[in-house]
Amino acid sequence: MEYPTIIGVASGKGGTGKTTVAVNLALHLAEQYPVALLDLDVEEPNDNHFLHRSMVHFQDVGLMRPEVDEDSCTHCGLCAELCEFNALAVLPDQVMIFAELCHGCGLCSLACPVNAITEHFHKLGAVTKSENPLANESSVYKKNLTFYEGTLNVGEAIATPMIHELKKIAFDQKESKHVILDLPPGSACPVVEGLADLDIVILVTEPTPAGEHDLCIAIELVKQLEVPFAIINNRSDVGDDRINRLVQENDYNLLLEIPHDNEILYLYSRGLPLVGATQKFDELFTKLWKNVKDGKNWQMQK
Amino acid sequence: MKIGLSSDGNSLTDHFASNFGRCSYFIVYDSTAQEVRTAYSNTAQNAAGGAGIQAAQSMIDNQVETVIAPQMGPNAWNVLKGANIKVYTGITGSIQENIDALLAGQLTEMADAQGVGPGRGRGMGRGQGRGMGRGQGRGRGNF
C-alpha cells in the first residue's frame, strides 16, 4: 500500500469544519480516482447538503432487543444482574424491559437458564446510497464518487450500531481507491466505533479555547486507538496561536491551515462545495492531499 | 416491615440522601426487629444510565416493602410500583429521623414519579437580583 486508503475526519469540538474537509477532500480525490465518502454523523448527516446526490435505500440498521416469555421465566434475576446498561428489572412476577437503555448485546438471552428471552430486531434507522451514475454521466464527481449516508431515526439514543454498519460498508469499498469517513463530533461511543481500525484520521480544529480543549481529548482517544493522526487548523487567523503552540510543543503533524474566508461562508450557506468553485480552493485541497501523502508522522503501514 | 432508604452513609446517623438512584448508600431497616438489616453502597451511583432501575431492583432483591426517597424518576417508580412497593417522600435530616417520621405517620406517600426522564433533573430557581442604579440628578439651586 503506497498511501492510506481509509481516512477519517474527526474533530472533538463540533462545528470546526469536519464536513467541509471531508466533502471537499472526497471531491478533490474524485477528480482522479474512484472514491467513497461515508457520512457517519448519523444524528445530523450534512454531507449531502453539499453533494446534492439523489439517494436510494441501501439497508436498514437496528439492534436486537430482548423479549421475555413470562410463562417460562422463573424470575431468577440473572438477566438484570448481568445487564451492563440496567435495561432490565426483574420483579417477583414480571420482567420489565427498558428498551431505550438496551444496547442489543444479547447477553441476557445468552445467559437465561430457561431460555425465556428471545431477541427481536428493532430498527434504529437506515443507510442510503447515492444513485448509480448514468452511463453517459458527464460529471467526474458523480462518476467517481460513491456516497453513503446513515440516518438515525428521531428519538433513537444509540448510534453505535449504525456506525458499525457504515464501517463495514467502508471496509467493503473494493472499487474505491480512497474511502473518506465524516465522523461524528465529540469523543464518545459513536466516535470510538468510527475511529477503530482506520488507516489515518484528520482532526479538524480551530484556534479557540474550546477547539484546543476538545482537540486534546480527541488526540488522547486516537492515541489509545492507535490511529495515526494529523491536524487541520481551520479559521487559523481568527483565534490566537494556541493550536500552533500545541503542535510545536508536541511535534504534531499540522497538515493544513485554512484562514478565515468570507467566500467559504458564502459557498457554505448556499450548500456549495469549495472544490470546483474557485482555483484557490482547488489549490487548498491539492495542498492538503500532498501533505497527507507526505505527512512525516503517519504510520503508512499497518 | 422492611424500609429502604437512600443515604449519604451506611449508618442510621447519616444524612438522608438528596437523590434516590445516585445516592452513595442504601440502608434497609427492619422496623419489627428495630435494626438495620443491611447497608450497601450504590454500585450504580456513577452508571451512565439506569441508576434508578438498579436502585429499585436492589430494593426488590432485599424484600423491601416501603421506600423512603427524596424524589424518583419514572423508571425507578415503575419498577417499585410493579412490585407493589410503597414510596414515601423523605425529609431533610438523618436516616433515623426519616424512619421515626415514617413510623409516626408523618411522611406523605409519593403520588407520582417526579423526574422528567432518566438522568434528568428538574430545577426551580428563584432569582434574587439586586440592582445598582446610577442616579443622574440635577440640583436646582435656591437662587
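The chains referred to below are lettered A, B, ... by the order of the sequence lines, with proteins before strands, and numbering in each begins at 1.
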**Item:** Residues of residues 80-88 of chain B contacting chain A, heavy-atom criterion under 4.5 Å, by residue number
**Value:** B:Gly82, B:Ala83
**Under 4.5 Å from any heavy atom of chain B - which part of A:Phe98** = side chain
**Item:** Side chain / backbone / both / neither for A:Ala80 at chain B, heavy atoms under 4.5 Å
**Value:** side chain
**Asked** Which bit of B:Ala56 comes within less than 4.5 Å of chain A, counting heavy atoms only: side chain, backbone, both or neither?
**Response** neither
**Fill in**
Note: B:Gly50 and A:Leu101 closest approach over all heavy atoms is CA-CD1, 3.8 Å
**Complete:** B:Gln57 and A:Val90 have their tightest heavy-atom pair at OE1-N, 2.5 Å
**Message:** For residues 160-170 of chain A, which residue pairs pass the side-chain hydrogen bond (donor to acceptor under 3.5 Å, both in side chains) check, not counting sequence neighbours?
**Reply:** A:Gln59-A:Glu165, A:His164-A:Glu193, A:Glu165-A:Lys168
Does [atom1] in [X] sit with more than 12 non-hydrogen atoms of other residues, nucleotides or ligands closer than 6.0 Å?
X	atom1	result
B:Glu65	CD	yes
A:Glu70	CD	yes
B:His15	NE2	no
A:Gln94	CD	yes

**Request:** Kindly say whether B:Gly49 contributes a backbone atom to a donor-acceptor pair with the side chain of A:Asn86 at under 3.5 angstrom?
**Result:** yes
**B:Ile60 CD1 to A:Met96 CE distance, which is reported to the nearest 0.5 Å** = 8.0 Å
